[in-house]
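Here is how names work: the chains are called A, B, and so on, in the same order as the sequence lines, proteins then strands, and each is numbered from 1. Worth saying up front: this structure is predicted, and the values here are computed from it rather than measured.
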There are 2 protein chains.
Amino acid sequence: MPRNSEDVRYRMQIAALELFTQNGFDQTTAAQIAARAGVTERTFFRHFPDKREVLFVGQEILSAALTESIRQAPAELPPIAVLRRAFADVTPLLEGNRRFSEPRRHIIAANPALMEREVAKHAALVGVVADALQKRGIVPARAAFAAQAGLAVLGHAVDLWFGKSARSLAQCLAEAFEELDLFVAAAGGS
Amino acid sequence: MPRNSEDVRYRMQIAALELFTQNGFDQTTAAQIAARAGVTERTFFRHFPDKREVLFVGQEILSAALTESIRQAPAELPPIAVLRRAFADVTPLLEGNRRFSEPRRHIIAANPALMEREVAKHAALVGVVADALQKRGIVPARAAFAAQAGLAVLGHAVDLWFGKSARSLAQCLAEAFEELDLFVAAAGGS
DNA sequence: TCTCTTTATGTCAGCCACTGACATTATAAG
DNA sequence: CTTATAATGTCAGTGGCTGACATAAAGAGA
């Protein structure tokens, strides 16, 4: 019965990426994005609660995927191993989205309001992951800490991946976890 | 030569707190705040870059005070001790602002857009503190970690302080640091 | 093929956050 | 009592975002 709503949504995301890259976020109006996608401004705001959110829809998919992987992990695994596994599980998802997430990064980094939203989304993701760990019986404080540290590692891995190297995301993840190990080992000193 | 600009700014902050508490953030217009302070909407936006910011001006003072205390701390102190000292230094500042920070908390907690700003400000504060620690010769990774952990302790202390107890902020800080010690000691197990 | 129903979209009016440009006041220095 | 300076007032305008109602697309059933 419904129209092809997914398609419209996708076209608006693409249009937004193009326009934001060309002219910047502030210089692009919601009406322009909608027009390029062949719809009306009103339709834009029916799909996205605000103009910024057109850049952050993928985050929820990642959030759900991580939660699911954590839920299904073997019961005997310690928190860090659970996260390692979860990150490996979402690797294809992240790799498939690189085309979009790379310009997205530049757009966000260039705009304070978008940085604000990004930070908030990150905090929310940390909370979701911490909750998922808690449901495995891990005490809240340790779950929160593991979530924070784990997502820091994931973020670092993605940073490496977006660097000019040709390494795969899986390799970058392995490197990032190794750096964490080195850091923890070195901290034994003081 | 200038008019009493500080006074106007202060009146707008008070007016905003009152109106936000009474009617909520979204239901209060910038023009209403300005009118209650005896000025124009335009003047409001000359003092605050946006409507939310009227609730976040104190943050910069705290940020500056912390940075200064960290800079002046004895060279031999380890990061956590530096932060402990800095938090003690800003205790009177925080205690003097309790009248405002308490309603502020409720207003912010009730509004997602304000929570977003709060999270961003917190992240910025962590960055500033980490920088200040770095300038004392602490390596970036450890400085960032100490800043994050330290501000978590401070936040927890303030949470305790805002609880229904009659404890002083200094007492709450001591308790929060003790909890950190216990947590670290317990983590020795795994 | 023709309804009929459901859902997405179009249209329109309107509020409010925020800004630029220029005029006007208050304050303190002389 | 001037006068220079910084703060405020005034006004018009843009754009984000919303509610209400009308319209169009697409599938289900006759």
Between atom [atom1] in [X] and atom [atom2] in [N], what is the gap in whole Å?
X	N	atom1	atom2	result
B:Y10	D:dA7	OH	P	20 Å
A:E53	D:dC17	CD	P	10 Å
B:F45	C:dA21	CZ	C1'	18 Å
B:M12	D:dT8	CE	C1'	10 Å
B:D50	D:dC17	CG	P	13 Å
B:K51	D:dG16	NZ	P	17 Å
B:F25	D:dC17	CZ	C1'	15 Å
A:D7	D:dA26	CG	P	11 Å

Next item on the list: Quick one: closest heavy-atom pair of B:S69 and B:R85, and the distance?
Entry: O-NH2, 3.1 Å
Margin query: Take a 6.0 Å sphere around CZ of A:R99 and say whether it holds more than 12 heavy atoms from other residues, nucleotides or ligands.
Written below: no
Item checked: B:F48 atom CZ, over 12 foreign heavy atoms within 6.0 Å -> yes
Determine: side-chain N/O of [X] to OP1/OP2 of [N], distance under 4.0 Å, yes or no.
X	N	value
B:H47	D:dT8	yes
B:T29	C:dC15	no
A:T43	C:dA8	no
A:T40	C:dG10	yes

Next item on the list: Answer yes or no on whether A:K51 is positioned over the face of A:F25, meaning its NZ or CZ is under 6.0 Å from the six-membered ring centre and within 45° of the axis.
Entry: yes
Next item on the list: Answer with base, sugar-phosphate or nothing: what part of the nucleic acid does B:N4 contact at a heavy-atom distance below 4.0 Å?
Entry: nothing
Checklist line | Under the salt bridge (charged side-chain N to carboxylate O under 4.0 Å, His left out) test, residues paired with B:R136 that sit two or more places apart | finding: none
Check: If you take atom types as modelled and just measure distance, does the side chain of B:R42 reach the base of C:dG20 with a donor-acceptor pair under 3.5 Å?
Finding: yes
Item checked: Among D:dG16, C:dT11, D:dT8, the one nearest A:E41 by side-chain distance -> D:dG16
Next item on the list: Go through C:dA21, C:dC16, C:dA26 for me and flag the one nearest to the B:R46 side chain.
Entry: C:dA21
